[in-house]
Amino acid sequence: MDKRNLAFGKTNYIILAAGLILVIIGMILMSGNGSDETHFNPEIFSTMRIKVAPVVCTIGFLSIVGAIMYKPKENDNTDVVPEENEVK
C-alpha cells in the first residue's frame, strides 16, 4: 500500500493512541464502587473521581482531536537546486 493514500502518518497514530490511553485511564479513575439503598459510599465524592479523572479524560479527548488535525511538514528539497552554470 502506498503511503500517500493513508489518511494519517505515524505521528498521528502515536498521538491518537496516547489520547486513547489517557481517556481509558480517566474512565478507570472515575469507576469504582457505588452506593446502594442500604449503604452510602462517601468515596464517590473523592477528589480523584470528581476533579482528576475528568481532567485526564479531557486532555485525552483534546489530544485525539489534535491527532486528527495534525498535519506533518513535508520535506521538499526541490526549492534549492544549484544550477551547473551558476557563478561562484
Side-chain angles (χ1 to χ4, degrees):
M1 181 177 232
D2 192 14
K3 283 189 173 185
R4 290 181 227 156
N5 293 337
L6 294 176
F8 293 145
K10 182 179 178 181
T11 307
N12 296 86
Y13 286 116
I14 292 172
I15 297 170
L16 187 70
L20 186 62
I21 289 171
L22 281 175
V23 170
I24 291 171
I25 289 172
M27 293 295 179
I28 290 171
L29 290 176
M30 276 192 260
S31 68
N33 297 334
S35 296
D36 57 7
E37 295 174 1
T38 59
H39 182 277
F40 174 71
N41 186 2
E43 186 182 295
I44 62 173
F45 298 113
S46 69
T47 303
M48 182 175 57
R49 281 188 171 183
I50 62 173
K51 292 183 181 178
V52 176
V55 170
V56 172
C57 284
T58 303
I59 292 170
F61 285 127
L62 290 176
S63 65
I64 289 172
V65 170
I68 292 171
M69 297 179 69
Y70 178 75
K71 183 175 181 183
K73 296 179 183 176
E74 301 208 11
N75 295 333
D76 267 342
N77 295 333
T78 58
D79 294 339
V80 182
V81 177
E83 295 183 19
E84 292 180 16
N85 297 331
E86 188 176 298
V87 177
K88 294 182 183 179

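Sequence positions, counted from 1, serve as the residue numbers for this chain. Below, each value reflects all heavy atoms present in this structure, side chains not excepted, and no hydrogens, waters or symmetry copies.
For Ile15 against Ala67, the heavy-atom pair with the smallest separation is CG2-CB, 3.5 Å. When all heavy atoms of Gly19 and Ser63 are compared, the pair lying nearest together is CA-OG, 3.0 Å. Shown here for Leu22 and Val56, the closest heavy-atom pair between the two residues is O-CG1, 3.4 Å.
For Tyr13, the ring-ring contact (aromatic ring centres under 6.0 Å, His included) partners are Phe8, not counting sequence neighbours. By the side chain to side chain contact (heavy atoms under 4.5 Å, CB included) test, Ser46 is found to be paired with Met48, Arg49, residues two or more places apart in sequence or in another chain being considered. Here Ile21 pairs with Ile25 under the side chain to side chain contact (heavy atoms under 4.5 Å, CB included) rule; sequence neighbours left out. Every residue two or more places apart in sequence or in another chain that forms a side chain to side chain contact (heavy atoms under 4.5 Å, CB included) with Leu20 is listed here: Ile24.
A chain of hydrophobic side-chain contacts below 4.5 Å, direct or via other Ile, Leu, Val, Met, Phe, Trp or Tyr residues, connects Val23 to Ile68.
When hydrophobic side chains of Ile, Leu, Val, Met, Phe, Trp and Tyr are connected at separations under 4.5 Å, Val65 ends up clustered with Met69.
Here the CG-OH distance, from Leu16 to Tyr70, works out to 14.0 Å after rounding to the nearest 0.5 Å.
Residue pairs that meet the ring-ring contact (aromatic ring centres under 6.0 Å, His included) test with at least one member in residues 46-66, sequence neighbours left out, do not exist here.
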